[in-house]
2 protein chains.
Amino acid sequence: MPQRETPTRQRILDAALDLFGARGVDAVSLDEIAREVGVRKQTVLYWFASKDELVDAVLETVAAELVVVIDAAVRSASDDPLERIDRVVRAVFRPAVRRPAMLGLVREMNRLPGPQADRLRLNVQPLVERCVEYFQLEMDKGRLRRADPGLIAALAYATVTGIATEPEALRSVGWQPTAVGLRHLRDELRSFLRAALTP
Amino acid sequence: MPQRETPTRQRILDAALDLFGARGVDAVSLDEIAREVGVRKQTVLYWFASKDELVDAVLETVAAELVVVIDAAVRSASDDPLERIDRVVRAVFRPAVRRPAMLGLVREMNRLPGPQADRLRLNVQPLVERCVEYFQLEMDKGRLRRADPGLIAALAYATVTGIATEPEALRSVGWQPTAVGLRHLRDELRSFLRAALTP
DNA sequence: GGGTATGTCTACCAAATGGTAGACAGATCC
DNA sequence: GGATCTGTCTACCATTTGGTAGACATACCC
């Protein structure tokens, strides 16, 4: 068969990412992914030995992108700790805004059993640890309100992923998952964090 | 057959709640639920006409319990607005602390398509609206820091659903999704809110 | 041009799953 | 005591799904 513009493997990965994110790994069959790509199921199984392997590959992609984007923000130099926190928050939102399915996949990663859940954890862990160390450092310097830095990180993480993964649920409060709505919420989170962490 | 101590229907509902919460609605079969209860699949289908109906019944239970508990806290009389917020936060966490599967079910409610997702939204919406009105009132009185009350509610909501959605991910910071872990996180959230909302 | 590798397809399959039909035992009503 | 109702069971079915075997065509290597 003639090679189409995008290699088949990549197109399968793309379609799987969107479908898995939208409706969950369990609810999407290989047949459906194949149909989306315009190919037969067996072709999917040619590129990925099993569904598990395809799922793994998709989650790997997601974890990698998240880590790259957030890592860049964490490393960004700024003297003001609140400014740095703000940048990380922005970074966390970015992949989700660009590709809505990302949200669903993060949720899936936490729902799936065993090694697939570990994937995100193992990738994100070093980042979170670095954040915690940084919080501790700034608290010691008296530039952030003293608190349990691990719990602060957990809270911030939960808040951001909550916004990211449940944008529909937030409609309850009249919030709209648009770019403008996202900016408002992000800014509110910023001043919230500012009020909460200012010594 | 002799009636056992707990009516079969209730025992099915119980087992389904725990299993659905732990591993997701799609990944749990009727056979597995039946096995857990010590009964045949057909008995499950006798009490619930279809799997969908069982899922609905479970989600209904969850939504109802959440609403009852939170509603009681929202209505609770206390003059200090921060104290009232405290109580609501405790109330939101209570079902999850008592029954860890609740977290997973909140996640499922946001993941499932159509009417099943709406169930949570429709039940929770009036509560959130009441909270928003209350925030506005207290801000007008100058007893809470002035902010967009809708966004504050959205933030708090996102935080809680984030915890619900990502309890495993929070292990990254050494946090455990146990009753003790939930209590710690809840207390941190309370002092967080206190710092952020004190005028 | 012949042989090999690559990529996609058709044709199946075994297992699991949601669901149906109907038998059967015990309790209840008359 | 017989009829009926209730709750559970055995037996079965249709469909879906992940996965295998192997044909076939095109591209590439020599």
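Convention: sequence-line order gives letters A, B, ...; per-chain numbering from 1. All of these numbers come straight from a predicted model, not from anything done at the bench.
- Under the side-chain contact (heavy atoms from CB on, under 4.5 Å) criterion, B/Y134 pairs with B/P81, B/R84, B/E138, not counting sequence neighbours.
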Donor-acceptor contacts, no H, no angles, side chain residues 31-43 of chain A, under 3.5 Å, sequence neighbours left out:
residue: A/E32; atom: OE1; partner: A/R23; partner atom: NH2; Å: 3.0
residue: A/E32; atom: OE2; partner: A/R23; partner atom: NH1; Å: 2.9
residue: A/E32; atom: OE2; partner: A/R23; partner atom: NH2; Å: 3.3

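- Judged as a salt bridge (charged side-chain N to carboxylate O under 4.0 Å, His left out), the pairs with a partner in residues 57-78 of chain A (not counting sequence neighbours) are, in order, A/E60-A/R119, A/E65-A/R98, A/D71-A/R75, A/D71-A/R130.
- Between B/R9 atom CZ and D/dT8 atom P the separation is 12 Å, expressed in whole Å.
- Applying the 4.0 Å criterion to OP1 and OP2 of C/dT8, one finds that A/Y46 has every side-chain N and O outside that range.
- Within the 4.0 Å cut-off from OP1 or OP2 of C/dG7, not a single side-chain nitrogen or oxygen of A/T43 is found.
- Rounded to an integer number of Å, the gap from CD of A/Q42 to C1' of D/dT20 is 9 Å.
- In terms of the side-chain hydrogen bond (donor to acceptor under 3.5 Å, both in side chains) criterion, residue partners of B/Q136 (sequence neighbours excluded) are, by chain and number, B/D140.
- In this structure, A/L54 atom CG and D/dT17 atom C1' are separated by 14 Å, rounded to whole Å.
- Using a 4.0 Å cut-off, no side-chain N or O of A/T8 falls inside it from OP1 or OP2 of C/dG7.
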Nucleotides 16-18 of chain C: which of its N/O atoms have a protein N/O under 3.5 Å away?
residue: C/dG18; atom: OP1; partner: B/K51; partner atom: NZ; Å: 2.9
residue: C/dG18; atom: OP2; partner: B/L30; partner atom: N; Å: 3.1
residue: C/dG18; atom: N7; partner: B/K41; partner atom: NZ; Å: 2.8

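- A/W47 has its CH2 atom 10 Å from the C1' atom of C/dT8, to the nearest Å.
- The side-chain hydrogen bond (donor to acceptor under 3.5 Å, both in side chains) search around B/R190 returns B/D86, B/D187, not counting sequence neighbours.
- For the pair A/K51 and A/D26, the salt-bridge criterion is not met [side-chain N within less than 4.0 Å of a carboxylate O].
- Counting to the nearest Å, the P atom of C/dG19 and the CZ atom of B/F48 are 13 Å from each other.
- To the nearest angstrom, P of C/dG19 lies 11 Å from CD1 of B/I33.
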